[in-house]
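None of these values were measured; they are calculated from a predicted model. The analysis underlying the following values was restricted to heavy atoms, covering all of them including side chains, and did not include hydrogens, waters or symmetry mates. Chain letters run A, B, ... following the sequence lines, proteins first, then strands; residues in each count from 1.
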Amino acid sequence: MIEHAFFGPKARFHHVGLAVESIKEVNPEADVFEETTQKVYISFMKFNGVTMELLQPLGESSPIAKNLKDGVKLLHLCFEVPNLDEALELSRQAGFHRISRAVPAPIFGNRRIVWVYSKQYGLFELAEADRTETTLREEADEPAILEFQ
Amino acid sequence: MEYSEKVMELMYRAIDEVNLMADAGKAIPRSPDGVLMGASSNVDSLTFVNLAAALEESIEQAYNEKMSLIDLIFSGKKREWTIADLAAAVTRNLNHKLVGQPLAGTGR
């Protein structure tokens, strides 16, 4: 298998975005956030170890309402990157097009996010990693003990 | 509103590419007055995103210039964008980038 580092070698998978009719129906105990700019209700949940972002339409003009109407539920993959601008430059070389401005996202503690789209691979969200978090994760990824084959 | 005929040609080529994949009744209008974005537009967000990607690639191939249509649209502060509006904005941006290399042929 060939590995492609579309968003840079330090990009880490973060979550899958799923469209749902009702977040509370999926997860009655969910904390639901209202994101008026994107016209969605958002909630995160873990599913077999994978983080899912549940997106419920906020009103009929929400783009998510159209996705649901068209039967499209798997919306995007999100990757966390240490440097958004570098990731954007790399992604463009791989055929991704930026389709939004990089904006702070309240749900990610005001870290910047941006949307990119590839005709071949579809919609991706890039979220700038909290630097401390990235550093900690890199340290955690380093083998703590010697590995033997 | 003035646009390069060559840019409009690229625009139509991108529209044709996207319309090949569009569902019936959801094709992008192929005329300068066709509305791409705004209250009276029938173009959905996915179709528009596909058009933007196709057009950015065409511009890059034709002029060797990377352009962000999203930035152009945000900087325009217009609520409604026709095909001619977008072609004019692309033409202005290319004229700005390719100083001393005026684009051939203008429309409107």
Inter-chain contacts: residues 19-28 of chain A against chain B, heavy atoms under 4.5 Å: none
Tell me whether B/Y12 shares a hydrophobic cluster with B/L94, the cluster being built from Ile, Leu, Val, Met, Phe, Trp, Tyr side chains joined at under 4.5 Å. yes
Salt bridge (Lys or Arg N to Asp or Glu O under 4.0 Å): which pairs involve residues 44-59 of chain A, sequence neighbours left out? none
Take atom CG of A/D70 as the centre, draw a 6.0 Å sphere, and report whether it contains more than 12 heavy atoms from other residues, nucleotides or ligands. yes
At what distance, to the nearest 0.5 angstrom, does OG of B/S45 lie from CG of A/L123? 9.0 Å
Counting only heavy atoms from other residues, nucleotides and ligands, does the tally under 6.0 Å from CG of A/N110 exceed 12? yes
Should we say atom CZ of A/F47 is surrounded by more than 12 heavy atoms from elsewhere, each under 6.0 Å from it? no
Could you state whether B/M67 and A/W115 fall into the same hydrophobic cluster, counting links through intermediate Ile, Leu, Val, Met, Phe, Trp or Tyr residues with side-chain heavy atoms under 4.5 angstrom apart? no
So if you build clusters from Ile, Leu, Val, Met, Phe, Trp, Tyr with side-chain heavy-atom gaps below 4.5 Å, do B/I73 and B/V43 land together? yes
Establish whether A/L90 and A/F79 are linked, either directly or via other cluster members, by ILVMFWY side-chain heavy-atom contacts under 4.5 Å. no
For A/K119, check salt bridge (charged side-chain N to carboxylate O under 4.0 Å, His left out) against everything at least two apart and list the hits. B/E17, B/E57
Contact residues of residues 92-106 of chain A (partner chain B; heavy-atom separation under 4.5 angstrom): A/R92, A/G95, A/H97, A/R98, A/I99, A/S100, A/R101
Given the rule in the side-chain contact (heavy atoms from CB on, under 4.5 Å) test, do B/L46 and A/Y117 qualify, once you have shown the distances and angles that lead to the verdict? CA-CA 10 Å; B/L46 181 62; A/Y117 179 78; 3.8 Å; yes
ILVMFWY network linking A/M45 to A/L77, side-chain heavy atoms under 4.5 angstrom: yes
